[in-house]
Visitor: 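If you scroll down you'll find the structure; I have some questions about it.
A, B, ... follow the sequence lines: proteins, then strands. Residue 1 opens every chain. Hydrogens, waters and symmetry mates play no part in the numbers below; they use all other heavy atoms, side chains included.
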Amino acid sequence: MRRQNHHIFLSVEGLSYVVDGQTILSDITFEIEAGETVAVLGPSGSGKSTLIRTINRLDEPTSGSIKIEGEDYHAIPPRILRRRLGMVMQHPFLFPGTVAQNLCFGPLSHGENLTESEIRTLLAGVDLMGFEDRDISKLSGGEAQRVNLARTLANKPEALLLDEPTSALDEAAKNEVEATIKSVITNQKVTCLLVTHDPAQGGD
Amino acid sequence: MLGRWIDNQVWLGAAQAGVTMVAAMLVVWLTVRLKLRMEKDILVALVRGVGQIVLVGFLLTIIFTADLWIAIPVIAIMIVTASVMTIKRVSNIPNALRISLLGITAGSGLVIAVMTFLGVIEQDLTSIIPIGSMMVYGAMNTNALMMERFRSEVGSHVGQIEAGLALGASPEHVIQPYARRAVASAMTPNINGLRSLGIVWIPGAMAGMVLAGENPAYAGFYQFVVSGSIFVTAGITVIISIAMLRKQVFSKAEQLLLRSEAED
């Protein structure tokens, strides 16, 4: 989806997250324009994943506000919010079954289905043509993460929240997935928030 | 042989229990000889076992002289105790006591009431209380197994559950496979029990009736009534409990609440 320039898509203000007396996020404020890619760099344990999880509302922030296109995200039903902000986790966590079944999971959960052509297009986007009927147990780490990305894209999200998507991969698989993500961001002009501990990845 | 020497039934029972206790002491002696370090546990279990069951026996002799309605508070006490014992076996599940209490009450209460009303269980205390206790006990075990398994399934599939939520799926949808597995796993011993009935074992009710001189064919039918009722009770209990349980693990904002405990 194309958007006007300088249109703020995501606005985070004074976001804090405290659990069991431990402060994980403290007073985080930033904005992301529509179509923009922003990387958050930080070492392990600095709260990067929690930031992504609070924006996706898998965790509830202790204080602060999050707005999606100016609307308080509490006003958006969680399932709709999560479809709009597609999250790619560090580990793929694919569901048992085939690649196609995984891609259909999101659309099916809100009563839609993907056509064969849409499945092929999604797989082509992550460079996995012909993988529709492949059982997920037969995938390499890099392939599984690319299926994970395609599964998220199947919901046609307005933004991608990428939580260290290559940190669990070896060097070769990491390069594959990075290239795929870059191509998806460039081709689909999707708004993107990436958290990573890798300065090289953040700089790209 | 003991029966020839002792006329009084209670004293005869005490003598029989004494002989059994001597046999149990042989096992204790063996565990000491083999240095298994179990003798303390076995002795405590034996003393508790004989104490509790004899006490219940004396209590029942008093209860059985009371009005039929005393069955309601007696069964209610059994249900509350069973619910408390269930939650001792599961940890970190919000409202586990309420869920267990409602599940066991609905399951055993409904089956005991219907079976007694229809006359399948005879309308006297000597039938309602022992058979009711078997149903409550069965419901307790099945419910505890289901809750333990559900807790463990959720704990070991946090990633998949949250991946499903992150894709915009409903909590009911993402939890379904794990809830189904928990119920199936808890019901399996009941199903196996029904399947092996009479072939691998002759359960207590039938054995007792045969020992008391009842027609073995009638005892067989009656045993099925007891085992079938226990099965139905367990089924209703776990279905009601899982319906409540699956809602407890998510917040109103559809976030997985067991996540942090699961990752401990």
Side-chain angles (χ1 to χ4, degrees), chain A residues 19-20 22 24 49-50 52-61 73-97 102-112 136 144 147-157 160-163 168, chain B residues 90-96 146 149-186 188 242-264:
Chain A
V19 63
D20 297 332
Q22 193 185 352
I24 311 291
S49 295
T50 306
I52 291 271
R53 290 174 58 86
T54 50
I55 295 171
N56 194 252
R57 223 177 160 196
L58 284 178
D59 284 330
E60 199 68 23
Y73 88 155
H74 287 107
I76 306 170
R79 290 175 217 175
I80 292 172
L81 176 85
R82 289 170 187 152
R83 284 203 286 273
R84 290 178 67 185
L85 308 177
M87 179 172 168
V88 178
M89 296 176 173
Q90 203 169 346
H91 297 280
F93 295 119
L94 299 179
F95 307 119
N102 271 271
L103 298 194
C104 292
F105 181 92
L108 275 177
S109 66
H110 58 274
E112 290 173 14
I136 60 118
V147 170
N148 185 21
L149 177 61
R151 184 175 67 172
T152 302
L153 292 170
N155 269 339
K156 301 185 180 77
L160 279 178
L161 306 173
L162 305 174
D163 180 11
Chain B
V90 290
S91 57
N92 301 328
I93 293 180
N95 297 316
M146 185 277 288
R149 179 65 186 258
F150 182 74
R151 172 78 185 74
S152 133
E153 285 284 340
V154 171
S156 52
H157 293 95
V158 168
Q160 278 84 356
I161 292 167
E162 291 200 323
L165 292 175
L167 287 164
S170 67
E172 294 78 22
H173 184 55
V174 296
I175 209 74
Q176 178 69 15
Y178 313 111
R180 200 185 295 139
R181 266 183 236 167
V183 170
S185 154
T188 299
I242 194 75
M244 291 186 283
L245 197 55
R246 56 200 293 170
K247 288 182 183 158
Q248 293 296 320
V249 295
F250 294 102
S251 69
K252 281 186 181 161
E254 304 186 348
Q255 296 146 333
L256 183 64
L257 294 174
L258 281 180
R259 180 176 179 267
S260 53
E261 290 89 343
E263 287 180 346
D264 281 348

Visitor: If you apply the rule side chain to side chain contact (heavy atoms under 4.5 Å, CB included), what do you find for Phe95(A) with Val174(B), and how did you get there?
Guide: CA-CA 10 Å; Phe95(A) 307 119; Val174(B) 296; 5.9 Å; no
Visitor: Could you tell me the separation between the CD atom of Glu60(A) and the CG atom of Leu257(B), rounded to the nearest 0.5 Å?
Guide: 10.5 Å
Visitor: Of the non-hydrogen atoms in Arg151(A) and Ala163(B), which two are nearest, and what is the gap between them?
Guide: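 Between these two residues, the closest heavy atoms are NH2-CB, 3.8 Å.
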Visitor: Would you please name every residue forming a side chain to side chain donor-acceptor pair (under 3.5 Å) with Ser251(B), sequence neighbours left out?
Guide: Gln255(B)
Visitor: Say you draw a straight line from CG of Leu108(A) to NE2 of His173(B); how long is it, rounded to the nearest 0.5 Å?
Guide: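 Atom-to-atom, Leu108(A):CG and His173(B):NE2 are 7.5 Å apart.
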Visitor: Pick one of side chain, backbone, both or neither for Ile80(A), based on which atoms fall under 4.5 Å of a heavy atom in chain B.
Guide: neither
Visitor: Just to verify, what does Arg84(A) make a side chain to side chain donor-acceptor pair (under 3.5 Å) with, not counting sequence neighbours?
Guide: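 Only Glu69(A), Glu158(A) meet the side chain to side chain donor-acceptor pair (under 3.5 Å) criterion with Arg84(A).
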Visitor: What are the two closest non-hydrogen atoms of Arg83(A) and Gly168(B), and how far apart are they?
Guide: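 That closest heavy-atom pairing would be NH1-O, 3.3 Å.
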Visitor: Rounded to the nearest 0.5 Å, what's the gap from CD on Glu254(B) to CZ on Arg82(A)? Could you check?
Guide: 6.0 Å
Visitor: When rounded to the nearest 0.5 angstrom, what distance separates CD1 in Ile161(B) from CG in Leu58(A)?
Guide: 12.0 Å
